Amino acid sequence: MEAAGDTGSQNTQGPISDPLATITGAIGEDPTLAELIAFRDSSPDLKRFAIEAKRCEDEAERLWFRLSEGNHVKMARISLKIVALSCTAMVAIWPVDTVEDADAKKALAKATASQGDSTDYGQAPSLDAEMAERIRLHRAAFAVGELVVPPGPAAPAGADRGLATWPLSRFDLVDTVPLEGGDASIAGQQLMRWSAFVDDYPTLSDLVDRFARMMATADRLMVLADTTSEDPRPLRRAAEGARILAYLAAARAAIWPAMLHSTDAQAKHRLAALVNERACRGDALHQQAAIRHLVGEADWIAKAFRLGATLELKPMWLPVV
């Protein structure tokens, strides 16, 4: 599958592209069984997406101190946050097929955990209902599942050297991405590229339609798999591919901001209703949790985009996860 490791921001010359659009762009609106199976059998580099998620989020935070320089800096920061959350969506939604996938999920979960996810030992724990829900959805979105993940690297022995760089795990984002804080590393032409990204706005109603259509495809393929007299495994594999495509479309619709009272805002409300309808279905819980988690995180993008004029979506989720 092409673009399996392309997060959309690796080309330093051309325009920034939407990571989720890049990974799903080869699949049309009426895919064949073979296309769905090929998509499911592709091996996206989730570690690369995890790296880009943290890199873009860290860079967006560094740009915070330059917001006084003008609107293009603000738009670049929003673009970085959209790409970061899009890469996060890819890591959360894709099923765990390998130990490397599990490592990517665990590393990004650690890097994006809410402050309330751990409490200082010397401090009394304090948690309100809203933060508890955020923690629950975050943990569920990055759940590795039943795959048995082997332990991390061995502790250094008495004669070992290189202790300052001794690996803490098989995949550690702190070792891979420059440390948080400091001065922003993008400027000039690169800054303008990022600022322009936010202008390439998707039609959210089309994404919600795609979510519904791919879900209907997945559901029907699963029924056919249960009733066929032939080998049902290709049908089930294709259904998994359709379901992943559906949730990636839902992720894009959840992440991009919508102006109040617009058709995009209506699409977001419809998306929340459709996701709630999936609560009684057999979809993977981490995928359902991922959309709920992304909706909450995307509110921060909406506030930064047009404070008071953008929709902050706060659905009443059915608590299946």
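Residues take their numbers from the sequence shown, with the count starting at 1. Keep in mind the model is a prediction, meaning the values are calculated, not measured.
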Tell me whether [X] at atom [atom1] has more than 12 heavy atoms from other residues, nucleotides or ligands lying less than 6.0 Å away.
X	atom1	value
W166	CH2	yes
D200	CG	no
N71	CG	yes

Report summary line: With sequence neighbours left out, the residues meeting side chain to side chain contact (heavy atoms under 4.5 Å, CB included) with K110 are none
Using only atom types and a distance under 3.5 Å, with no angle test, would you say the side chain of [X] pairs donor to acceptor with the backbone of [Y]?
X	Y	answer
H293	R134	no
D299	E312	no
S79	W194	yes
D172	S169	no
R252	L248	no
T228	A225	no
K105	W94	yes

Taking the side chain as everything from C-beta on, heavy atoms only, tell me whether [X] gets closer than 4.5 Å to [Y].
X	Y	result
T24	F39	yes
L33	L235	yes
E133	P319	no
L168	V174	no
F171	I51	yes
T98	L46	no
T263	S205	no

Cluster question for you: counting only ILVMFWY and a side-chain heavy-atom cut-off of under 4.5 Å, with indirect links fine, are [X] and [Y] together?
X	Y	answer
L285	M222	no
W64	V73	yes
L207	M259	yes
L274	I93	yes
F211	I27	yes

Residues [X] and [Y] bridged, charged N to O under 4.0 Å:
X	Y	answer
E59	R62	yes
R237	E240	yes
K81	E297	no
D219	R278	yes
R40	D97	yes
D209	R270	yes
K47	E100	no

[atom1] of [X] to [atom2] of [Y]: how many Å apart, nearest 0.5 Å?
X	Y	atom1	atom2	answer
R210	E29	CZ	CD	4.5 Å
L294	L313	CG	CG	12.0 Å
L137	W317	CG	CH2	9.0 Å
S43	D101	OG	CG	8.0 Å
H138	L108	NE2	CG	7.0 Å
L318	C280	CG	SG	9.0 Å

For the residue pair [X] and [Y], what are the closest heavy atoms and their distance?
X	Y	value
A253	L271	CB-CD2, 3.9 Å
A111	L173	CB-CD1, 3.8 Å
S195	M75	OG-CB, 3.5 Å
A251	I291	N-CD1, 3.7 Å
A254	V295	CB-CG2, 3.9 Å
P95	I244	CD-CD1, 3.5 Å

Query raised in the report: Can you list the steps and then say if L260 with R306 is a side chain to side chain contact (heavy atoms under 4.5 Å, CB included)?
Result: CA-CA 10 Å; L260 286 171; R306 296 283 191 277; over 6 Å; no
Query raised in the report: Could you give all pairs that pass the salt bridge (charged side-chain N to carboxylate O under 4.0 Å, His left out) test and reach residues 222-233, with sequence neighbours left out?
Result: D226-R236, D231-R233
Requested in this report: Apply the test side chain to side chain contact (heavy atoms under 4.5 Å, CB included) to residues M90 and L20: give CA-CA distance (whole Å), side-chain angles for both, the deciding distance (0.1 Å), then the verdict.
Outcome: CA-CA 7 Å; M90 185 65 191; L20 298 181; 4.1 Å; yes
Requested in this report: Test E61 against R77 for side chain to side chain contact (heavy atoms under 4.5 Å, CB included), laying out the working first.
Outcome: CA-CA 8 Å; E61 291 307 306; R77 184 173 186 267; 3.2 Å; yes
Query raised in the report: Without hydrogens or angle criteria, can the side chains of D18 and W256 be said to hold a donor-acceptor pair below 3.5 Å?
Result: yes
Query raised in the report: Is it true that the side chains of T22 and S17 contain a donor and an acceptor less than 3.5 Å apart?
Result: yes
Report task. Identify which one of L245, V275, D283 satisfies the side chain to side chain contact (heavy atoms under 4.5 Å, CB included) criterion when paired with M215. Result -> D283
Report task. Could you check T88 against F142 for side chain to side chain contact (heavy atoms under 4.5 Å, CB included), going step by step and ending with a plain yes or no? Result -> CA-CA 10 Å; T88 297; F142 291 99; 3.5 Å; yes
Requested in this report: Could I get the full list of side chain to side chain donor-acceptor pair (under 3.5 Å) partners for D103, not counting sequence neighbours?
Outcome: R170
